[in-house]
Amino acid sequence: MSAARYKLEVKDTSAIPDFEQEIKHVKIQFSEQIKCLQGRTDKKVDLLRDIETFLQKQAEIEQTYAASLEKLVERYSKKGPTGLARLRRAGEDGQETDEPEEFVEHEPTGLPTDVWAVLLQQTKLRADSRNKYAASLLSDVKVRVENLERETLVMSRKCTELGSTLHTDLQRTYKTADDAMKQYHAMLAHAIKYDDKLGKAMEKASKKEDKLKEKSSAAHQKLVQSRNEYTLSVVCSNAFRSRFYRVELENIVDAMDNNFHDTFQQIFDTYRDLYKSDEAVARAAIEKVHTASELIDAQADKVKFFHESYMTFLQPFPFAFIQGPGDSDSQLVWSNDSAQELKEKYRDFQQKISRLNSAVEQDEQTIQTITSLRKERESQAVATKPKQPLKPGSDDGLPSGMESATMYGDAFQKLTGRKCARSALIAQFLIVKECMPKAEQVEEVPNLDITLADEDRVPLTGQPGSSPAMLADKLPKPRANSKQFDASDRKDEIKDDDEDSSGKEREKERERERERERERERE
């Protein structure tokens, strides 16, 4: 190694790194890195705390909503039998107590009150579900978010400590490289110095030449050692720096996120499952209410109504024909004096019944048309609801619900009045017809359909008429000799089976007696 080369290397100092400046730069950069990492942690913690606050507020809202539902149900369930069905647990003495009550599934029987009871019951269950949902938000979701927040802070602190340690080690490698570089250049200058002395001694053929050679050789030996140390320290520093910036910084961020995202996802998986569970309860409650509404039966509702108030709707005694002296029965008398009058009544009844038949038929068609239009409007409303709901009074050619109810009520009033009038006319017509000789029975109105329904047949013997058919097993039978019958006494006036049979026998005997009298009159 020549002296000129060493001089050239010593003078060319532009490539010599300034390790002190590098160390200062690394310290500043590390401070910025810590701020960035801490800022990232702060954002995650703020996010988690916002979620915790949100869940706390949501749980409070759910609990308030559930409490409101319970109060609403309790308010209406106190009104009576339409409320919630409950089981009353028996005490130790076998008597019923009011202590913990348990809900019973209400079995629909086709009544609107059943739908109301099921609605109240399912709303109570819905309130219970909302309470459970609120409790689960706090115990299963919010607690896990709080745990994740604590884990995030712990991992951030640990990773910050690790980064600080790695930065200290990196600075140490820089310092080692700087020391090795300084040692190397010192040894280089020392070797050059001895090479210069040796060159001068060799020119002068000095006696110190051998001694200088030994010193120069020793200096070169130290130079090689320091150069190797310097080279190794530079390689070590560069490798450590490369590893830290290219790999370990990313690993530190991963460690700070240790299962953060997986846990975060699992938390909201639980949140979704809780919501779905609560939604399933709500859907099941709605379906049960809807199922109860589909089982509504107008006939069952009517039967229940009459059974509950059967004494109120029990038909009173019809007016009895009080026979005068010499009267044998309650039939009309056909004689020469009354024949003309009865014939006029006979013709008049036919004409009135014919007109009422036409009016009744028109009223029934009107009611059917109104019902069809109402169903059509309801179907149209259901079909257009997702897009554009029908507004009241909209000009769609169909009557509104209020208009339909008004028209139906008017038509039903007319129809009912005409049917009652027709029944009365038919009953009179048939009695007149029954007493008339067949030769006198002339149909003034051709093809006139005159029929009297069973419920319109009125006995004339003072016997009670029929009440609604569904009350046949509930109605008491009044005594035959009662001319006035008070409603408060009807519950106690129920005949035995033997008395019913004897009454039927007496009625048959009277009918046979009337038939014999008619035969004698014809003769």
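With salt bridges taken as basic N to acidic carboxylate O contacts below 4.0 Å, one links Lys124 and Asp128. Ion pair Glu308/Lys304 flagged as a salt bridge, since at least one NZ, NE, NH1 or NH2 atom sits closer than 4.0 Å to an Asp/Glu carboxylate oxygen. Taking the charged nitrogens against the carboxylate oxygens, Asp278 and Lys132 have no contact shorter than 4.0 Å, which rules out a salt bridge.
The number of heavy-atom neighbours closer than 6.0 Å to CZ of Arg272, taken from other residues, nucleotides and ligands shown, is above 12. Heavy atoms of other residues, nucleotides or ligands lying less than 6.0 angstrom from CZ of Phe412 number 12 at most.
Test Asp178, Asp179, Thr173 against Lys175 for side chain to side chain donor-acceptor pair (under 3.5 Å) and you get one pass: Asp179.
Looking only at atom types and distance, the side chain of Glu364 has no donor-acceptor partner in the side chain of Gln368 under 3.5 Å away. For Asn147 and Arg144, the side-chain atoms include no donor-acceptor pair closer than 3.5 Å. Side chains of His167 and Gln33: a donor on one and an acceptor on the other come within 3.5 Å. In the model, Gln266 has no side-chain atom that pairs as donor or acceptor with a side-chain atom of Tyr271 under 3.5 Å. Under the 3.5 Å distance criterion, with hydrogens and angles disregarded, no donor-acceptor pair is assigned to the side chains of Asp140 and Thr270.
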**OP:** Evaluate the criterion side chain to side chain donor-acceptor pair (under 3.5 Å) for residue pair Asp269 and Gln265; output intermediate values, then yes/no.
**Re:** CA-CA 6 Å; Asp269 286 344; Gln265 183 179 1; 4.6 Å; no
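The aromatic ring centres of Phe240 and Phe244 sit 6.0 Å or more apart.
Minimum interatomic distance between Met181 and Tyr230 (heavy atoms only, all atoms of both residues): CB-CE1, 3.1 Å. Scanning both residues, Val281 and Leu125, for their nearest heavy atoms gives CG1-O, 4.4 Å.
In this pair, Tyr133 and Tyr275 present their aromatic rings perpendicular. The plane angle is above 60°, beyond the 30 to 60° band. Note on ring orientation: taking the six-membered ring where Trp is involved, the planes of Tyr194 and His190 are perpendicular (angle over 60°, cut-offs 30° and 60°).
A cation-pi arrangement is absent between Lys57 and Phe54, since the terminal nitrogen or guanidinium carbon is not both under 6.0 Å from the aromatic centre and inside a 45° cone about the axis.
Put simply, the side chain of Thr371 gets close to the backbone of Ile367: a donor and an acceptor are under 3.5 Å apart.
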